[in-house]
Number of protein chains: 2
Amino acid sequence: MMTYGTVEGTARPAGRPRSAKADQAIIDAVLDLIGEGVGVSELSIEAIATRAGVGKTTIYRRWSNKEDLVVDALAALKAPLPAFPGTSVRDDLILYLNVIRQESGNPRTRCVMNIAMSEQDRHPRLAERFHEVAVEPRRAALRAVLHRGMETGEIRRDIDVEIAMAVIGGAMVWSLKSVREAKDLPEDLAERIVDELMAGLAGR
Amino acid sequence: MMTYGTVEGTARPAGRPRSAKADQAIIDAVLDLIGEGVGVSELSIEAIATRAGVGKTTIYRRWSNKEDLVVDALAALKAPLPAFPGTSVRDDLILYLNVIRQESGNPRTRCVMNIAMSEQDRHPRLAERFHEVAVEPRRAALRAVLHRGMETGEIRRDIDVEIAMAVIGGAMVWSLKSVREAKDLPEDLAERIVDELMAGLAGR
DNA sequence: TCGATACGCAACCGTCCCGTTTCGAAATGC
DNA sequence: GCATTTCGAAACGGGACGGTTGCGTATCGA
């Protein structure tokens with residue numbers, strides 16, 4: 001964001017201050033459009049301005065670059081992670097997967113995720129920001145759950161945590177991607193994934 | 001594809017026949033552009049024609065619709081699946097994952113996959129075709145491996161096969177998506193995923 | 001009150017693309 | 001030879017968009 005800092009000693013520039021409302025309207029417009037399935041490359045400043053009820057100049061005054069704008073918009077997308085009750089690792093993992101599943105039903109989240117996943121070749125900065133804002137916090141939370149489980153003995157102490165995280169998240173994401181609608185998946189998908197994972201595939 | 005059938009009894013139309021070379025050049029151009037990261041919506045007929053060294057009319061004569069063209073291009077993308085040696089389920093699964101990993105290094109395959117995954121909302125027919133051409137054959141092969149393992153006793157007979165498939169594929173795909181380059185992943189990723197999966201997470 | 005800056009709005013020109021048409025040349029069947 | 005069809009190339013009118021500029025207004029500090 002390119003708003004002026006309010007650091008002490010920094011002189012506030014003369015003239016009319018920038019409208020925080022315009023800031024928010026622009027960010028919201030970007031997120032809305034992305035949520036409607038518009039790709040980054042197809043995002044037009046004009047469309048954003050129109051949607052935000054804002055002049056194009058107001059956008060160009062703040063961002064010189066479309067990608068900068070999208071990066072800021074992505075950063076504004078907060079990732080509310082539920083507190084894990086911690087009654088058991090199994091319950092925490094199931095909750096974790098169900099949050100992912102539920103979020104994938106939100107068009108905005110869904111499309112942001114699509115963009116982050118598919119355009120990381122063309123927009124590395126964007127993908128990086130998304131990773132930092134949305135992915136890493138979740139990974140950290142999941143990692144904590146697993147470590148706690150290793151301490152309580154619910155999980156083997158010698159598992160490869162990074163591999164386990166990839167397996168857990170990947171299973172849900174891949175399932176969601178394999179069907180048209182999240183509704184097409186069994187109600188208890190999260191439970192089944194976690195139980196299958198805990199038990200392992202190997203014969204007795 | 002809109003080439004003329006060669007069914008017996010079908011009269012061959014008069015005039016100059018369509019160039020098979022042009023057909024192939026157009027399909028290749030589409031695949032090339034997609035492989036370079038161009039999204040479906042940004043694919044322009046002009047760019048395709050230029051790349052293919054073909055007049056726009058030659059394209060419009062064959063496809064009335066950009067999506068039809070992309071669907072045909074996708075269908076032309078064959079999915080060579082290796083024969084599974086079948087010495088053990090573990091080895092087959094590792095091979096399966098390593099094929100996925102290796103293919104994700106091919107820009108063309110990678111981008112086609114990106115498109116199929118992220119634009120299934122906007123282009124359902126395209127996603128469906130991709131699923132049919134690329135996804136289902138792999139799923140069938142993987143399913144066969146698991147069933148064989150259940151028969152030999154290498155795998156529990158009571159596993160949920162669909163869940164297991166989601167877990168196996170998802171783990172690799174999700175890992176690949178989590179890093180910039182496939183090179184950033186450990187060499188033995190496939191082995192580690194499979195072993196972790198076979199063993200399960202649960203404490204002793 | 002006055003200067004400075006931001007605001008929404010409209011217009012501008014250049015670029016890209018679309019889908020169609022026209023052109024002369026080439027390739028086939030009759 | 002002739003009709004027919006396709007070929008690549010070029011051009012068309014129309015539309016979308018980019019990035020810039022100017023306009024009149026609104027909102028701040030001095």
Side-chain angles (χ1 to χ4, degrees), chain A residues 1-30 32-34 36-70 72 122-123, chain B residues 1-30 33-34 36-70 122-123:
Chain A
M1 195 72 74
M2 301 172 77
T3 46
Y4 301 110
T6 19
V7 183
E8 305 179 52
T10 303
R12 192 185 179 295
R16 177 175 173 177
R18 293 193 177 164
S19 158
K21 193 173 296 184
D23 277 329
Q24 196 54 48
I26 294 168
I27 297 290
D28 278 342
V30 172
D32 276 354
L33 289 170
I34 289 179
E36 289 167 13
V38 180
V40 175
S41 311
E42 304 148 78
L43 264 187
S44 78
I45 301 288
E46 298 212 346
I48 296 169
T50 301
R51 172 69 63 111
V54 144
K56 282 199 289 179
T57 35
T58 303
I59 297 181
Y60 282 114
R61 194 174 293 123
R62 290 157 209 247
W63 294 276
S64 57
N65 182 317
K66 185 165 68 185
E67 184 163 330
D68 287 348
L69 168 54
V70 177
D72 282 352
R122 274 186 291 174
H123 305 282
Chain B
M1 195 73 73
M2 300 172 78
T3 47
Y4 301 112
T6 20
V7 184
E8 305 177 52
T10 303
R12 193 185 180 298
R16 176 175 174 175
R18 291 193 179 165
S19 158
K21 194 174 296 183
D23 278 328
Q24 196 54 48
I26 294 168
I27 296 291
D28 278 342
V30 172
L33 289 170
I34 289 179
E36 287 167 15
V38 181
V40 175
S41 311
E42 303 148 78
L43 263 187
S44 78
I45 301 289
E46 298 213 347
I48 296 169
T50 302
R51 171 70 63 111
V54 145
K56 281 200 292 178
T57 33
T58 304
I59 296 180
Y60 282 114
R61 194 173 294 122
R62 291 157 208 248
W63 293 276
S64 56
N65 182 317
K66 184 165 71 183
E67 185 163 329
D68 286 348
L69 168 53
V70 177
R122 272 186 293 175
H123 305 282

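Worth saying up front: this structure is predicted, and the values here are computed from it rather than measured. Residue numbers start from 1 in every chain, and the chains themselves are labelled A, B, ... in the order their sequence lines are given, proteins ahead of strands.
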Exercise. Just jot down the side-chain contact (heavy atoms from CB on, under 4.5 Å) partners of A:Ser19, sequence neighbours excluded, or say none.
Key: A:Lys21, A:Ala22
Quiz prompt | Residues forming a side-chain contact (heavy atoms from CB on, under 4.5 Å) with A:Asp68, sequence neighbours excluded | solution = A:Trp63, A:Ser64, A:Asn65, A:Arg125
Practice problem: Tell me which residues in residues 37-54 of chain B put a heavy atom below 4.0 Å from DNA chain C, sorted by number, or none. | Solution: B:Leu43, B:Ser44, B:Ile45, B:Glu46
Between the side-chain atoms of [X] and the base atoms of [N], is any donor-acceptor pair under 3.5 Å?
X: A:Lys56; N: C:dG8; result: no
X: A:Arg61; N: C:dA6; result: no
X: A:Arg16; N: D:dT27; result: no

Exercise. Determine: side-chain N/O of A:Thr58 to OP1/OP2 of C:dG8, distance under 4.0 Å, yes or no.
Key: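 Yes, such a contact exists.
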Self-check item: Any B:Arg18 side-chain N or O less than 4.0 Å from OP1/OP2 of D:dT6
Solution: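 Indeed, a polar side-chain atom of B:Arg18 lies that close.
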Quiz item: Out of D:dT27, D:dG8, C:dG8, which nucleotide sits closest to the side chain of B:Ala22?
Solution: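 Of D:dT27, D:dG8, C:dG8, D:dG8 is nearest to the side chain of B:Ala22.
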Whole angstrom is fine here: how far is it from [atom1] in [X] over to [atom2] in [N]?
X: A:Leu33; N: D:dA16; atom1: CG; atom2: P; result: 16 Å
X: A:Lys21; N: D:dA26; atom1: NZ; atom2: P; result: 15 Å
X: A:Tyr60; N: C:dG8; atom1: OH; atom2: C1'; result: 16 Å
X: A:Ile59; N: D:dG19; atom1: CD1; atom2: C1'; result: 12 Å

Exercise. Could you list the residues that satisfy side-chain hydrogen bond (donor to acceptor under 3.5 Å, both in side chains) with A:Glu42, not counting sequence neighbours?
Key: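 Counting only residues at least two positions away or on another chain, A:Glu42 forms a side-chain hydrogen bond (donor to acceptor under 3.5 Å, both in side chains) with B:Ser41, B:Arg122.
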Quiz prompt | Pairing residues for B:Lys56 by the side-chain hydrogen bond (donor to acceptor under 3.5 Å, both in side chains) criterion, not counting sequence neighbours | solution = B:Glu46
Exercise. Answer with base, sugar-phosphate or nothing: what part of the nucleic acid does B:Thr57 contact at a heavy-atom distance below 4.0 Å?
Key: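 Here B:Thr57 touches the bases of the nucleic acid.
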Exercise. Under the salt bridge (Lys or Arg N to Asp or Glu O under 4.0 Å) rule, collect the residues that match up with B:Asp28, sequence neighbours excluded.
Key: none
Quiz item: To the nearest 0.5 Å, how far apart are CG in A:Leu43 and NZ in A:Lys66?
Solution: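 So the CG of A:Leu43 and the NZ of A:Lys66 are separated by 6.0 Å.
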Quiz item: Do B:Ile48 and B:Arg51 touch side chain to side chain, with heavy atoms closer than 4.5 Å?
Solution: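 SC-SC contact between B:Ile48 and B:Arg51 ruled out.
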